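Only heavy atoms go into these numbers, but all of them, side chains included; no hydrogens, no water, no symmetry mates. Remember, it's a predicted structure, so these values are computed and weren't measured experimentally. Counting starts at 1 for both ligands and their atoms, following the listed order.
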Amino acid sequence: MNENCKETLQGKLTDENYEKLIRLDNPKLHQFVADAIELCNPDSVFVCTDSADDIAYIRKLAVETGEEKQLATEGHTVHFDGYEDAEHHDQGRDKANTRYLLPPGVDLGKRLNTVDKAEGLAEIKGCLRGSMTGRQVLVRFFCLGPTGSEFSISGVQITDSAYVGHSEDLLYRSGYEQFKLLGSSTEFFRVLHSAGEVENNVSVATDKRRIYIDLEDEIVYSVNTQYGGNTIGFKKLSLRLAIRRADREGWLAEHMLIMGVHGPGSRVTYFAGAFPSFCGKTSTSMINGETIVGDDLAYLHRKAGRVHAVNVESGIFGVIENVNADDDPVIWNTITNPGEIIFSNILVTDGVPYWMGDGREHPERGINYSGEWHTGKTDKNGKTISPAHKNARYTVRLSDLSNLDEKAEDPEGVPVGGIIYGGRDSDTWVPVQQAFNWMHGVVTIGASLESETTAATLGAMGVRTFQPMSNLDFVSLPLGRYVQNHMDFVTALEHPPIIFAVNYFQKNSEGEYITGMNDKNVWVKWMELRVHGDVDAIRTPAGDIPLYEDLQKLFPAIIGAEYTREQYVEQFTLRIPESVSKIDRIEEIYRTEVADPPQVLFDLLAEQRERLEEAEKKHGPYVSPFDFAGGA
Ligand code: SPV
Ligand code: MN
């Protein structure tokens, strides 16, 4: 270590913390901490090892600083992000201010948000300068993926928020010991976060909220924000770094759940599933009777002729709206019983957390993201303030759930039998369909995914947006290349996963949802059977769909509900005009906004359009599944 670095560290670290840091014999790490101290000027530095005492210290600190408040049930705390009716709205990912630092001569294409590297670094360092004055800063080490796995990546986060440090403890595997194994390797992710100026423990300089990502140096900077999606470095911030690594090394880093679907006998088939935020990803991973490996981030590698996946995380930062005893019994049970849980942006009355769609009667008063709240309270624009925020969340360890899959920590990952893509699509896709083959799935399902915007990000809701692989917000490569990587991924694999599309948000012409909350329990069972070729399907121009006879059996067996021919026809009618318009939109985006899109993408979309137009000539614009007789 050079003398300057040593002096800086010794100036702010107690002997004990200094010892903990230098036990990791890694000059790049030492320099990162020293640079952060020089820039942000914290009063002191706490280095967190994997020891129970260190981890407990951060958990306690989050309450002492006031960033979290204790609730009535043991282990439960609440955290609030910036209030909506104040200027400091900080209740979602800030896409507009999340940018890649672009070195000279690099072009990431129009769909990615970038800023010139020198300019961006100067700006964000300006925001971070002195931002930790008077505070203690935390240094935490994590292992992204199971420990001892060749899939996993090490990361270090520096943050002045104990809430962020505590959340990460629930969400990631502790990685101090793993870091020791790195020796002096430079291969790890670095994240530097400061909440910036705070009042009542919320970030107030949100006009200067910036999240800048340096892809070359694998560093993320985040400032003037507390919302988890902007600050918890190993969630989406590192996903962007991982996508670059995956590109270099020939694997995939995805916005995907991983789950075990339990088939006939004791068969378990693993699925990875990509859904944009707020579109049913967590609730799919938590389907009653199945087992969860992860709900948000997956690293996918090729291994022995198959695709294998690991969960990057070991906890859930989940949307709490509509979590209730009937629809989500497992999660309900965990978050309403004693245990280490952080609630965010919910309503608290007498120490009890409430949220929208929890199935309980709500009190008229309490504390929520707007401060003291009462029924009918309005914001400065006269808009009624809901009891809890739409993007209110819970943070919990997976090991505290009763449905954790037994392979969740397997260093080899789980073999993936199927990949599911789903978006919030009111008018085009059927509830479930299977791609003809990998390329057809990558192009017409994954790369063509669209979804209506939600409360997970700041800005208007309900706007249909292009969301390839549900990963657009995090793609850090030119999009054409990212899609090409998917195409190439399974070449030469003996057992490539089967690609499926689902749609939980289909509506009729009156704007009413036409599938039930629990129908997804049936769709996953159908997909499981299809992976093994146990049921037939009907071939339509867009994909292979279930036979009525199979669903008629599965619905009562899985969710105890009857499934009528009328429901089947309504849900599985192929909507040709909508399907063709979708192809038009997708082609236009790839043609005009994506550099070097793979030609095969246009070819496969054109073939699909042709098939749809043929079918329209024969059967008209809306085609009952029964008209596609013959089976697939
Ligand atoms: C999402 O919005 O996709 C989430 C939460 O999973 S976060 O990434 O933390 O914003
Ligand atoms: Mn997510």
**Q.** Lys235 backbone acceptor or donor facing Tyr172 side chain under 3.5 Å
**A.** yes
For ligand 1, run through the N/O pairs with the protein that fall under 3.5 Å and put one pair on each line.
| from | atom 1 | to | atom 2 | distance (Å) |
| --- | --- | --- | --- | --- |
| ligand 1 | 2 (O) | Arg93 | NE | 3.3 |
| ligand 1 | 2 (O) | Arg93 | NH2 | 3.0 |
| ligand 1 | 2 (O) | Ser277 | OG | 2.9 |
| ligand 1 | 3 (O) | Arg93 | NH2 | 3.4 |
| ligand 1 | 3 (O) | Lys236 | NZ | 2.9 |
| ligand 1 | 3 (O) | His255 | NE2 | 3.3 |
| ligand 1 | 3 (O) | Ser277 | OG | 2.4 |
| ligand 1 | 6 (O) | Lys236 | NZ | 2.8 |
| ligand 1 | 6 (O) | Asp296 | OD1 | 3.3 |
| ligand 1 | 6 (O) | Asp296 | OD2 | 3.3 |
| ligand 1 | 8 (O) | Lys236 | NZ | 2.5 |
| ligand 1 | 9 (O) | Gly229 | N | 3.4 |
| ligand 1 | 10 (O) | Arg93 | NE | 3.1 |
| ligand 1 | 10 (O) | Tyr227 | OH | 3.4 |

(Q) To check you understand the geometry: which heavy-atom pair defines the closest contact between Ile55 and Ser174, and what is its length? (A) CD1-OG, 3.8 Å
Q. Under 6.0 Å from the NZ atom of Lys407, do we count more than 12 heavy atoms belonging to anything else shown?
A. no
Q. Any side-chain donor-acceptor pair under 3.5 Å between Ser194 and Asp160?
A. yes
Q) Is any protein N, O or S atom closer than 2.8 Å to the Mn ion (ligand 2), and if so, which? A) Lys236 NZ, His255 NE2, Asp296 OD1
Q.
Angle between ring planes, His301 versus Trp251, binned at 30° and 60°: parallel, tilted or perpendicular?
A. parallel
Q. Hey, is Asp90 close enough to Arg209 for a salt bridge, meaning N to O under 4.0 Å?
A. yes
Q: Evaluate the ring planes of Phe317 and Tyr227, with Trp represented by its six-membered ring, and classify them as parallel (under 30°), tilted (30 to 60°) or perpendicular (over 60°).
A: tilted
Q: For the pair Lys236 and Asp473, find out whether any cationic side-chain nitrogen is under 4.0 Å from an anionic carboxylate oxygen.
A: no
Q: Answer yes or no: are there more than 12 heavy-atom neighbours, outside Asn322 itself, under 6.0 Å from its atom CG?
A: yes
